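Below you'll find the structure, written out as structure tokens, and then a few comments.
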Protein chains: 2
Amino acid sequence: MATGRTHRPATRSRGIPEATVARLPLYLRALTALSERSVPTVSSEELATAAGVNSAKLRKDFSYLGSYGTRGVGYDVEYLVYQISRELGLTQDWPVVIVGIGNLGAALANYGGFASRGFRVAALIDADPAMAGKPVAGLPVRHTDELESIITDNGVSIGVIATPAGAAQQVCDRLVAAGVTSILNFAPTVLSVPEGVDVRKVDLSIELQILAFHEQRKAGEETSPAQETAVAAAAQPRSGAGVRPAPGGRKGPDGDVPAVMPA
Amino acid sequence: MATGRTHRPATRSRGIPEATVARLPLYLRALTALSERSVPTVSSEELATAAGVNSAKLRKDFSYLGSYGTRGVGYDVEYLVYQISRELGLTQDWPVVIVGIGNLGAALANYGGFASRGFRVAALIDADPAMAGKPVAGLPVRHTDELESIITDNGVSIGVIATPAGAAQQVCDRLVAAGVTSILNFAPTVLSVPEGVDVRKVDLSIELQILAFHEQRKAGEETSPAQETAVAAAAQPRSGAGVRPAPGGRKGPDGDVPAVMPA
DNA sequence: TTGTGTGAATGAGTTCACAGCT
DNA sequence: AGCTGTGAACTCATTCACACAA
């Protein structure tokens with residue numbers, strides 16, 4: 001099935017840009033904090049600072065939702081909380097199942113921010129029979145055999161996978177077959193799902209590797225002035241090959257010296 | 001950004017695009033799997049499929065690293081593994097500290113992919129005196145008091161924050177003051193750090209909210225025209241100002257995780 | 001005057017499509 | 001023939017800067 005249909009007529013979302021959607025939860029969190037302190041209104045500047053973005057971006061983001069602010073004044077906190085919640089679909093409660101109740105699964109189950117923000121843990125599922133019935137975060141762990149019925153009975157459409165990498169795809173397939181259409185994957189695997197199913201992944205080692213990349217870059221250009229890539233290029237202390245390998249140069253994987261060692 | 005430093009990132013002489021950097025770990029993982037199966041070479045098409053991206057993107061990404069492939073043939077797996085590892089800075093071992101050894105911290109400490117890919121857990125740190133000395137993932141938990149000396153003695157430059165939201169900024173400040181320049185934050189807070197310090201965040205509830213947004217959208221267009229979103233629809237108050245949902249009506253996002261408080 | 005809302009300008013990231021090496 | 005490497009076209013995202021409403 002190499003030639004899968006790469007057709008994607010759908011997703012013609014003339015709606016809110018994806019980048020904006022990804023920031024709405026951030027705004028919502030900042031607004032909720034303000035709301036708790038009974039702050040009535042905020043300016044884009046203040047809210048942007050609290051959310052860690054710049055005000056122009058925030059205003060642009062909000063402009064996709066509608067004109068919810070008041071010129072010369074700012075935004076009504078409560079009103080915005082409501083509008084964003086509604087936009088994100090948090091005015092309803094989403095039942096969620098967590099599959100794989102190891103250290104991570106337990107951590108997720110115990111995460112407080114769950115229930116308070118539109119989500120409800122419908123069930124914790126694990127393949128280990130020894131875990132069955134054992135309470136975690138106040139819920140009894142259910143065995144994988146029950147997965148399908150749990151999904152169906154509770155109308156679950158969002159599943160969280162916290163299993164070892166080896167089990168992830170299988171679990172994913174079962175979740176999808178049972179009706180789940182959104183998956184949050186914590187296992188270090190690329191999941192393949194049918195069209196229409198959304199997958200987001202959270203991957204510790206990828207994040208660390210990205211940090212390592214930047215960390216290495218910092219170390220490499222320490223003594224340099226301000227901060228610049230263009231200039232730093234010349235000083236790259238990389239080994240042999242370099243970035244732009246010699247055009248007609250060698251490229252064989254043969255005896256290449258494993259340079260680069262910690263100083 | 002905070003500081004309006006209008007610099008000149010103009011010419012792209014040497015920087016690898018951020019989006020590409022974020023995918024390198026993905027390629028590396030796929031390549032490592034191939035390497036283990038002793039596959040000697042891969043085409044961009046095959047590798048792209050394994051990594052979950054399309055081949056044009058993959059080739060473009062690799063082009064930033066150099067010309068490491070062979071036309072008509074593909075890429076040498078071992079060679080690419082090495083080149084990407086080097087680019088990501090994984091040819092050296094990065095000592096990492098994990099602060100906040102609750103459910104999540106323990107899960108991270110137990111995560112296997114750590115040591116095998118260029119990272120080494122130098123220490124587990126928690127503010128709870130009762131945790132001190134207790135072994136987690138084979139390492140004794142150290143008390144927060146020792147944070148600075150641990151960082152210094154081990155030359156740690158990457159820190160992972162897995163504390164409750166309330167403690168995160170404080171921990172962050174101490175890590176930075178002690179010399180950490182890259183932080184992976186699992187706490188649901190916006191951390192503020194001085195320039196030069198990198199922060200990446202992993203946030204469960206944000207991911208879920210993004211999924212909910214798309215989930216809601218699916219429900220709205222695919223199923224019957226009549227949405228169950230009646231709840232939200234009915235409360236649409238846009239005309240006068242000052243219209244706000246019942247102040248005391250919404251539930252508080254409390255339910256914070258227990259324990260762990262720095263001095 | 002203050003601060004939103006938004007076209008226009010700029011920049012980043014992706015996809016196309018094909019020249020060129022093996 | 002097969003497959004990489006890459007300019008060019010295109011799409012998405014961010015930033016600018018200012019008209020306009022309160």
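The chains referred to below are lettered A, B, ... by the order of the sequence lines, with proteins before strands, and numbering in each begins at 1. Since we're looking at a predicted model, the values are computed, not measured. Excluded from the calculations below are hydrogen atoms, water molecules and symmetry mates; all remaining heavy atoms, backbone and side chain alike, are included.
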Thr32(B) side chain to Leu28(B) backbone, donor-acceptor under 3.5 Å:
yes
Are Thr91(B) and Arg86(B) linked by a side-chain donor-acceptor pair shorter than 3.5 Å?
no
Atom CZ of Phe62(B) and atom P of dT14(C) are separated, to the nearest Å, by 14 Å
When you measure from the side-chain N and O atoms of Asn54(A) to the phosphate of dT14(D), is any distance below 4.0 Å, counting only OP1 and OP2?
no
Closer to the 5' end of DNA chain D via nearest nucleotide, is it Tyr75(B) or Tyr64(A)?
Tyr75(B)
Could you identify which residues of residues 27-43 of chain B place a heavy atom less than 4.0 Å from some atom of DNA chain D, listed by residue number, or say none?
Ser43(B)
Take atom CZ of Arg59(A) and atom P of dC18(D), then tell me their distance rounded to the nearest Å.
14 Å
Nearest-Å distance, CD (Glu46(B)) to C1' (dT4(D))?
14 Å
What is the distance, to the nearest angstrom, from the NZ atom on Lys57(A) to the P atom on dA12(C)?
12 Å
Tell me the interatomic distance from Leu58(A), atom CG, to dG5(C), atom P, rounded to whole angstroms.
10 Å
Can Leu108(A) and Phe186(A) be said to form a side chain to side chain contact (heavy atoms under 4.5 Å, CB included), step by step?
CA-CA 10 Å; Leu108(A) 299 177; Phe186(A) 283 85; 3.7 Å; yes
For dT4(D), does OP1 or OP2 lie under 4.0 Å from any side-chain N or O of Ser44(B)?
yes
To the side chain of Lys60(B), which of dT15(D), dG13(C), dT6(D) is closest?
dT6(D)
Are the charged groups of Arg217(B) and Asp198(A) less than 4.0 angstrom apart, N to O?
no
Taking the six-membered ring for Trp and the full ring for Phe, Tyr or His, determine whether the centres of Tyr79(A) and Tyr68(A) are under 6.0 Å apart.
yes
Residue whose nearest DNA chain D nucleotide is more 5′ - Gly72(A) or Ala19(A)
Ala19(A)
Rounding to an integer number of Å, can you tell me how far Glu45(B) CD sits from dT4(D) C1'?
12 Å
Return yes if some donor-acceptor pair links the side-chain N/O of Ser67(B) with the main-chain N/O of Ser63(B) below 3.5 Å, else return no.
no
Backbone N/O of Pro188(A) and side chain of Lys201(A): donor-acceptor pair under 3.5 Å:
no
Would you mind reading off the distance between Arg71(A) atom CZ and dT4(C) atom C1', rounded to a whole angstrom?
5 Å
Nearest-Å distance, CG (Asp61(A)) to C1' (dT15(D))?
12 Å
